[in-house]
Enquirer: 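I'd like to ask some things about the structure below.
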Amino acid sequence: MKAAAMTLVGLLACGGDPAEDPGGGSAPPPGTSADGWQSQFSADSARAACSGDEAAFASLPHVTVGSTTIYVGYTQASANNQDPVVARFDDGVQIWCQHHETQGPDGRAHAITWDGGDRAYVVYSVVGGGTDLEGKGGWFPSYAANGISGGGPKVSYVGMVDTSDGALVHGTFVISVKSDRKVNSHMPRAAATVLQDGGVEFLGASAHKPLDVDGRNAMTCTDYPFDSRYRFDPDLRAVRCADCTNCQSTMPCE
């Protein structure tokens, strides 16, 4: 099967961060994708309901391999709540449609990365904890953990999805940490990249100091912006390295 080329769209700017770079740093460069992996990303996500036909999903980020397309976005669950949606269609027929969290916090799926195999990587955002995204065995397993307390900022989540049934198999939160050890926002800048060594790369932009590789402390940082890069094991259970504009991690990628 031949993977259709996807276009990267809607790159996210650092919400609330200065437009200029007073610290003089530069964003860590993205890694090189392994052969066959395609991706699509939207900073704003897009809306569709599982009850819709494939045409209703057309505006969502998606990847097509052969006759199969996987879409990601969100469903408007109520007037004030969104749930992430991930759906698979084969030859125009819906095979499955999943909401990986349906609790009170707002959740959206922004990006899909897939090579036509049995796993895909989805990048989400979620506002707050206490959802089904937690407890999936990832590097940072919940919205707030390891002595870091919660709150309401929007953070990122990287998940591995079983493409046969749409189940969320593994996943990790990616947050930033304020000086009072409370969660602060950390948004995605792109789809996940599956690297040539099999690792999974996440690029983000945080409103405060990003979490260091120990999962307990913030990186040592000097100034805005905070454009981060994390590289995880394929199952997202461990982080291999991390770095960030104007910051120093204890295990940099380069």
Enquirer: Among His186, His110, Arg108, Lys154, find the one that has a side chain to side chain donor-acceptor pair (under 3.5 Å) with Ser125.
Expert: His110
Enquirer: Within a strict 4.5 Å, meaning less than it, do heavy atoms of the Leu60 and Val85 side chains meet?
Expert: yes
Enquirer: Would you say Ser67 and Asp90 are linked by a side-chain donor-acceptor pair, where the criterion is simply a distance under 3.5 Å?
Expert: no
Enquirer: Just by modelled atom types, is the Thr75 backbone N or O under 3.5 Å from a matching donor or acceptor in the Asp83 side chain?
Expert: no
Enquirer: Is there side-chain contact between Glu201 and Ser33, with at least one heavy-atom pair below 4.5 Å?
Expert: no
Enquirer: Got a donor-acceptor contact below 3.5 angstrom from the Gln94 side chain to the Cys50 backbone?
Expert: yes
Enquirer: Does Trp114 reach the side chain of Gln38, with side-chain heavy atoms less than 4.5 Å apart?
Expert: no
Enquirer: State, yes or no, whether a side-chain contact exists between Tyr157 and Thr131 at a heavy-atom distance under 4.5 Å.
Expert: no
Enquirer: With heavy-atom distances below 4.5 Å as the criterion, would you say the side chains of Leu133 and Phe173 are in contact?
Expert: yes
Enquirer: Determine, for Arg237 against Asp235, whether the closest basic-nitrogen to carboxylate-oxygen distance falls under 4.0 angstrom.
Expert: yes
Enquirer: Give yes when the SG atoms of Cys221 and Cys244 are nearer than 2.5 Å, otherwise give no.
Expert: no
Enquirer: Would you say Val213 and Thr250 make side-chain contact, with heavy atoms under 4.5 Å?
Expert: yes
Enquirer: Is it true that Phe89 and Tyr71 have ring centroids separated by less than 6.0 Å?
Expert: yes
